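Here's the structure, in structure tokens; my notes come after.
Sequence lines set the chain letters: A, B, ... in the order given, protein chains first and strands last, and positions in each chain run from 1. For clarity, every value in this text was computed on a predicted model and none was experimentally measured.
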2 protein chains.
Amino acid sequence: MTSLDLFTHEARNLGKSARTKARLMDAAVSVFARDGFEAASVNEITRAAEVANGTFYVYFKDKDEIATAVAYRIAHDVVQQLDAAMVGVSDAVERVSCATRRLLDLATSTPQWGQALFRAVWIYNDLRDSVISYLRADLERGVAQGVFTVEIDDFLISTFSAMTMSTLFRRLNGEAGPDAGSLVAQLQLRMLGVAPDVAKRVAFQALEPITLTMPVIPRETDRSKKN
Amino acid sequence: MTSLDLFTHEARNLGKSARTKARLMDAAVSVFARDGFEAASVNEITRAAEVANGTFYVYFKDKDEIATAVAYRIAHDVVQQLDAAMVGVSDAVERVSCATRRLLDLATSTPQWGQALFRAVWIYNDLRDSVISYLRADLERGVAQGVFTVEIDDFLISTFSAMTMSTLFRRLNGEAGPDAGSLVAQLQLRMLGVAPDVAKRVAFQALEPITLTMPVIPRETDRSKKN
DNA sequence: CGATTAATTGACATATATCTCATAAAATTC
DNA sequence: GAATTTTATGAGATATATGTCAATTAATCG
């Protein structure tokens with residue numbers, strides 16, 4: 001077990017089997033983030049979860065099944081948090097910029113989940129679609145308002161999200177700094193046809209601090225700090 | 001062994017050991033393209049190459065070594081072909097557009113190599129740098145000429161190549177059609193600050209048919225056509 | 001052609017992964 | 001607290017991968 005253990009935390013008041021399952025899912029997040037989907041093994045996951053090998057198969061048929069479960073749960077949570085962070089933003093240009101920046105902030109604030117999200121989106125196409133479900137609507141609104149001068153189709157949306165995802169990747173690997181969200185949002189707005197000065201202003205304008213509504217993210221307490 | 005076998009073809013006049021090594025490298029390309037780097041096994045490669053397991057270890061220390069060899073050779077060849085295809089294109093806007101489109105055309109014309117290139121660039125960062133080595137210069141030239149209104153830094157270049165690479169990925173997976181190169185080039189030019197109408201014109205203008213100079217790409221003859 | 005060198009082979013030792021299942025431990029019920 | 005149900009265990013059967021090496025086959029040379 002490492003760091004956050006969000007699933008375990010969520011399941012802390014449920015029955016024993018739910019808690020064990022959650023432990024396995026947290027462990028899977030760690031292992032997938034560290035080793036990648038392919039290289040990860042059930043043994044690594046059970047070791048990380050501190051349960052016996054056989055326990056895994058009580059809860060999941062195989063690696064694919066836990067991977068799917070983890071991926072969909074993470075995507076679901078991220079979409080939820082993203083929705084919450086977007087409440088009150090109505091201007092199309094701001095919404096598009098905000099979504100990219102918030103997603104990056106979210107995914108990098110808990111890097112293991114970010115890694116898992118990245119890999120999950122890579123593998124499960126429908127997940128990508130759900131993470132960016134709001135995007136198409138915002139883009140179309142911008143076109144209707146005349147601020148975006150580009151045709152909204154699958155190709156555009158794929159390219160747009162590839163820009164976000166590649167930034168996430170570089171952010172998680174330390175190749176990009178905290179302003180990466182703003183930088184890529186700026187490029188995305190330019191691509192959509194927003195005037196350069198407006199793109200810069202919107203992409204770099206300060207974001208409200210996030211007010212978490214849904215899942216309580218446990219923080220390390222000072223006393224339990226590691227080395 | 002499948003389809004193209006470019007390495008084998010290149011080595012056809014060399015000694016036996018060079019030919020066997022080439023067989024292994026072609027097989028590796030196939031297997032990596034099919035199974036991905038992680039999932040590929042030495043056994044699969046030797047089976048595809050129709051040699052015994054032990055033969056592999058005569059030529060390569062392990063999977064990593066052949067992967068590196070293959071990746072660098074492919075990147076080298078692609079850069080070479082790309083250079084050839086860019087000769088005579090001098091305008092910065094055209095060069096940037098042309099490079100993206102040519103790279104996509106090249107990589108999709110031999111899909112297994114395209115897959116391998118995609119995976120290689122993913123894993124070996126310096127390869128990505130070599131494939132896009134010309135890019136920075138062209139971008140800076142465009143800025144000097146006043147046609148690009150964006151700051152040229154690592155972040156921009158990474159994002160730019162992510163757009164190309166994600167298009168390659170979708171192209172190889174049949175999610176994008178033959179015009180994908182033009183579509184993404186258009187978006188890239190817009191992002192760089194080129195006026196939308198110019199971006200469209202340049203990205204969609206006809207390209208000269210490629211005149212191959214360097215490595216002879218063997219074509220399937222009609223009589224050896226499969227089913 | 002016989003001798004020498006180069007290239008190839010596949011069985012084998014080792015390691016690690018998957019998934020099952022009889023059994024044990026823990027939790028719950030009455 | 002005994003009985004019952006739920007949960008967890010880890011040894012083991014099966015499979016597949018890696019890398020080595022003595023032996024075999026193919027190529028070359030004088």
TODO: Spell out protein contact along nucleotides 3-12 of chain D as letters: B when the base is contacted, S when just the sugar-phosphate is, - when no protein heavy atom is under 4.0 Å; keep the 5' to 3' order.
DONE: ----SSBBB-
- [ ] Start with the C-alpha distance between B:Arg170 and B:Ser166, add both sets of side-chain angles, then the distance that settles side-chain hydrogen bond (donor to acceptor under 3.5 Å, both in side chains), and finish with yes or no.
- [x] CA-CA 6 Å; B:Arg170 297 202 297 284; B:Ser166 87; 3.0 Å; yes
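Taking atom CZ on A:Arg19 and atom P on C:dA26, their separation rounds to 14 Å, with Å as the unit. Between the CZ atom of B:Phe37 and the P atom of D:dA17 there is a distance of 16 Å, rounded to whole Å. Here the P atom of nucleotide D:dT18 and the NZ atom of B:Lys63 are 7 Å apart, to the nearest Å. Atom CD1 in B:Ile66 sits about 13 Å away from atom P in D:dG19, given to the nearest Å. For the pair B:Glu44 CD and D:dA17 P, the interatomic distance rounds to 7 Å; values are reported in whole Å. Atom-to-atom, CG of B:Leu14 to C1' of C:dA7 comes out at 16 Å; the value is rounded to the nearest Å. Summarising the geometry, the separation between CG on B:Asn43 and P on C:dC12 is reported as 16 Å, rounded to the nearest angstrom. Straight-line distance from the CD1 atom of A:Ile45 to the C1' atom of C:dA17: 12 Å, rounded to whole Å.
Ring to ring, A:Trp113 and A:Phe118 are not that close: their centroids are 6.0 angstrom or more apart.
Seen from the ring of B:Phe169, B:Arg119 does not count as a face-on cation partner, given the 6.0 Å and 45° thresholds.
Within the structure, a side-chain polar atom (N or O) of B:Tyr57 is placed less than 4.0 Å from OP1 or OP2 of D:dG19.
A pairwise comparison of heavy atoms in B:Thr167 and B:Met163 identifies OG1-O, 2.7 Å as the closest pair.
With sequence neighbours left out, B:Phe37 forms a ring-ring contact (aromatic ring centres under 6.0 Å, His included) with B:Phe32. Residues passing the salt bridge (charged side-chain N to carboxylate O under 4.0 Å, His left out) test with A:Arg136 are A:Glu140, A:Asp154, sequence neighbours excluded.
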